[in-house]
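Let me begin by presenting the structure, written as structure tokens, before commenting on it.
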There are 2 protein chains.
Amino acid sequence: MLPSNKITLKKIAHDLNMSTSTISRALRDNHEINAVTKERILAYARELNFRPDTIARTLRNGKSKTIGVVLSTVENPFYSQVINGIESAAYQSGYNVCITQSHESYDLEKMQVAHLTRNSVDGILMSLAAGTTDTTYLKRIKDAGLPIVFFDNIDQGIDSHKVVADNFKGAFEATSQLLNSGYKNVAFISGPANNSITVERMAGYLKALTQNGIIANEATIKYCMHDGENDCEIENAIDELFLLDNRPDAIFTATDNVSTKVFQSIRRREIQIPDEVALFGFTNSKLAELTFPALSAVHQPGFEMGKKAAEMLLDLIKNNRSNTEYQTVVLPVQLFSRASSGSITILG
Amino acid sequence: MLPSNKITLKKIAHDLNMSTSTISRALRDNHEINAVTKERILAYARELNFRPDTIARTLRNGKSKTIGVVLSTVENPFYSQVINGIESAAYQSGYNVCITQSHESYDLEKMQVAHLTRNSVDGILMSLAAGTTDTTYLKRIKDAGLPIVFFDNIDQGIDSHKVVADNFKGAFEATSQLLNSGYKNVAFISGPANNSITVERMAGYLKALTQNGIIANEATIKYCMHDGENDCEIENAIDELFLLDNRPDAIFTATDNVSTKVFQSIRRREIQIPDEVALFGFTNSKLAELTFPALSAVHQPGFEMGKKAAEMLLDLIKNNRSNTEYQTVVLPVQLFSRASSGSITILG
DNA sequence: GTGAAAGCGCTAACAC
DNA sequence: GTGTTAGCGCTTTCAC
């Protein structure tokens with residue numbers, strides 16, 4: 001017997017007086033092997049609790065059975081729900097998941113993608129960082145043959161599978177509800193101007209205004225280039241809105257992070273919600289219904305988005321499709337109208 | 001020139017008419033190499049945008065420069081903060097981070113650890129799943145030479161570095177505040193009975209009772225074996241508490257998940273907080289101050305815990321210490337006394 | 001049905 | 001200072 005500190009095919013082969021290729025065949029359910037031999041090998045491998053080395057296998061096969069995920073931050077409850085969806089689909093297919101964060105930074109995002117590719121992931125799921133405008137580096141990687149599926153904050157320039165929420169409808173309905181409740185001057189605070197998410201939600205917002213015979217006012221539209229993570233983005237936006245002659249009586253906040261931050265800030269300023277200003281946002285936080293006042297929000301199907309995106313990626317990986325018709329899946333959102341937008345709170 | 005679809009040392013060596021070892025040396029800043037040759041190689045490598053294959057390097061070196069993390073779920077804000085701390089320390093040392101979730105299940109946890117070891121991580125950071133009681137499998141892995149640092153929910157049985165919050169003090173102070181506010185009958189709801197976290201927080205709770213001349217009542221102590229994630233754990237616990245002859249007038253909830261869930265349930269039942277029952281919990285959610293009523297809570301230093309644990313792990317990895325004196329670091333917690341425990345809410 | 005041998009991309013003795 | 005060689009653990013021709 002060879003020393004037992006590291007169990008390898010070689011050791012098993014030596015102990016059993018066979019060749020490594022036979023052992024390899026037995027363990028991978030290869031058909032060209034004697035049933036008795038196979039049983040003997042499997043029994044011994046089980047006894048030693050042998051687990052084939054993934055790294056060696058990856059190097060040899062060129063496939064790691066791992067998919068990489070790049071998103072802004074797991075601290076955002078929406079994304080942590082997405083992760084659970086991704087895992088559920090991946091594990092079912094015997095794939096591993098490696099989660100990385102871009103913290104809304106282009107440089108970090110690029111670094112994470114580089115890490116993932118160098119670690120031979122079989123495909124990448126990603127939601128772009130707020131700070132990302134140039135995606136040529138992704139296009140290059142995709143063209144080199146690595147499947148990429150985009151979700152949430154997607155890139156319009158790259159042709160690939162995409163999964164998004166119905167951002168337009170969510171924003172349209174939320175804004176419409178504010179207007180229907182009697183608010184006249186609905187402001188808009190969102191993430192970066194160029195993001196797909198912002199663009200779509202903005203369109204929904206504008207449509208609702210138009211449909212109510214309101215002409216959009218540039219001054220009541222605010223963007224946060226760092227999705228509200230930068231020092232004074234939120235504070236400045238609110239300050240500016242409240243200094244307007246025609247001060248807004250409602251705000252539609254278009255991202256999860258911006259929604260919580262704006263809510264926090266307004267509460268800190270001891271401005272009455274919804275009497276002085278009504279709020280309707282986007283959030284997946286389970287605490288939204290427990291805040292004071294309960295926060296009206298558009299809820300995105302996080303789990304489903306992750307699951308669907310992972311399924312599409314796995315399909316690309318397994319079937320090695322290069323010239324597929326790529327599709328964009330749009331998932332429905334749910335509206336929760338609560339006290340912060342002037343509605344009556346109904347818990348549960 | 002060799003075909004350019006895959007850039008390897010071999011290709012560079014061929015193109016430059018050198019040996020792969022020379023290329024390897026140049027790229028790894030080896031000293032035994034001619035400065036001019038080195039520059040030529042680096043220039044060409046840069047031109048091709050060459051990135052050495054991590055998998056091959058890992059197989060060869062036996063080190064992946066990656067640390068694995070196992071925790072219950074990133075959906076818990078405390079853990080997502082821990083992750084950010086881990087990343088900050090790891091990136092600084094040029095290490096990658098691979099995050100996995102156990103969802104409080106022993107089997108999943110074991111599977112994740114197996115995945116990580118087979119993928120040759122250089123060390124593991126872990127907080128035990130609620131469902132884990134037998135840690136012999138971890139002991140085996142650690143004894144085989146893989147460094148493991150425990151954080152948050154730790155294992156008393158394995159000798160290794162550990163990082164925890166001051167659970168005893170947090171629980172003691174929280175319970176004391178409830179008692180000082182005039183509540184007479186403070187109940188306790190926590191995660192699984194055997195968890196290190198529960199044990200310590202329970203001890204703090206009991207100490208506070210004793211110090212106030214109160215004898216603990218078994219009937220007002222509830223455990224949730226799945227940390228509140230299982231169907232009716234929370235509902236049953238609350239039902240039982242409220243059916244007692246001597247109904248509690250306050251509840252100390254001892255984990256992040258249990259705290260939010262209990263709060264949610266009490267609000268749904270339309271029981272007045274704190275008038276009918278006061279609440280004091282453990283949570284890292286940033287929305288705690290915005291709930292109604294604002295939720296009194298013990299806040300753990302998530303970022304610091306992750307950072308410290310990662311630093312200790314990296315120290316074990318880099319210095320290859322096998323016979324170190326292992327230490328347990330206890331980090332201070334912060335108390336936020338708010339309206340749910342009968343205090344006045346102060347925002348900000 | 002089984003074994004021998006080559007090689008995935010890289011590093012590290014060891015020669016020269 | 002540079003090249004040759006072996007080998008990390010695995011899979012896969014290709015013989016037999």
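Heavy-atom basis, side chains included; hydrogens, waters and symmetry copies ignored. Each chain gets a letter, A, B and so on, in the order its sequence line appears, and its residues count up from 1.
- For B:Lys10 and C:dC10, the shortest distance from a side-chain N or O to OP1 or OP2 is not below 4.0 Å.
- Counting to the nearest Å, the P atom of C:dC10 and the CD1 atom of B:Ile55 are 12 Å from each other.
- Nearest to the side-chain atoms of B:Arg60 among the listed nucleotides D:dG7, D:dC10, C:dG1 stands D:dG7.
- At C:dC10, none of the side-chain N or O atoms of B:Ser24 fall inside 4.0 Å of OP1 or OP2 (strictly under the cut-off).
- Across the protein-nucleic acid pair, A:His14 atom NE2 and D:dC10 atom P stand 16 Å apart, rounded to whole Å.
- Between B:Arg28 and C:dA12, a side-chain N or O to OP1/OP2 separation shorter than 4.0 Å is present.
- Contacts of B:Ile33 with the nucleic acid, taken as non-hydrogen atoms under 4.0 Å apart, involve only primed sugar atoms and P, OP1 or OP2.
- We find that NZ of B:Lys65 is positioned 13 Å from P of C:dT11, with the value rounded to whole Å.
- Within a 6.0 Å sphere centred on NZ of A:Lys307, heavy atoms belonging to other residues, nucleotides or ligands number 12 at most.
- For the pair B:His31 and A:Arg57, nearest-nucleotide mapping onto DNA chain D gives the more 5' position to B:His31.
- Using a cut-off of 4.0 Å between Lys/Arg side-chain N and Asp/Glu carboxylate O, A:Asp143 and A:Lys139 are scored as salt-bridged.
- Per the geometry, NZ belonging to A:Lys6 stands 10 Å off P belonging to D:dC8, to the nearest Å.
- Remark: P of C:dA12 and CG of B:Leu27 are 13 Å apart, rounded to the nearest angstrom.
- Shown are B:Glu229, B:Glu104, B:His103; of these, the side chain to side chain contact (heavy atoms under 4.5 Å, CB included) with B:Thr73 is made only by B:His103.
- Between B:Leu59 and B:Thr20, the residue anchored closer to the 5' end of DNA chain D is B:Thr20, taking for each the nucleotide with the nearest heavy atom.
- One cannot find a donor-acceptor pair under 3.5 Å joining the base of D:dT5 and the side-chain atoms of B:Ser21.
- Ion pairing of B:Lys11 with B:Asp15 is present here, as a side-chain N (NZ or NE/NH1/NH2) and a carboxylate O approach within less than 4.0 Å.
- When all heavy atoms of A:Gln327 and A:Met312 are compared, the closest pair comes out as CG-CE, 3.5 Å.
- Dashed line: the shortest gap from a side-chain N or O of A:Ser19 to OP1 or OP2 of C:dG3 is under 4.0 Å.
- In this structure, A:Met18 places its CE atom 18 Å from C1' of D:dT11, rounding to the nearest Å.
- The side chain of A:Asp53 sits closest to D:dC10 out of D:dC10, D:dT11, D:dG3.
- Taking atom NZ of residue A:Lys63 and atom C1' of nucleotide D:dT11, one finds them 11 Å apart after rounding to whole Å.
- Atoms CG (B:Leu9) and P (C:dC8) sit 12 Å apart, rounded to a whole Å.
- Residue-to-nucleotide contacts include a donor-acceptor pair under 3.5 Å from the side chain of B:Arg25 to the base of D:dG3.
- Across all strands shown, B:Thr37 has heavy atoms under 4.0 Å from sugar-phosphate atoms exclusively, and none from any base.
- Side-chain polar atoms of B:Ser93 and B:Lys318 form a donor-acceptor pair below 3.5 angstrom.
- Mapped onto DNA chain C by nearest heavy atom, A:Asn34 and A:Ala56 fall at different nucleotides, with A:Asn34 at the one closer to the 5' end.
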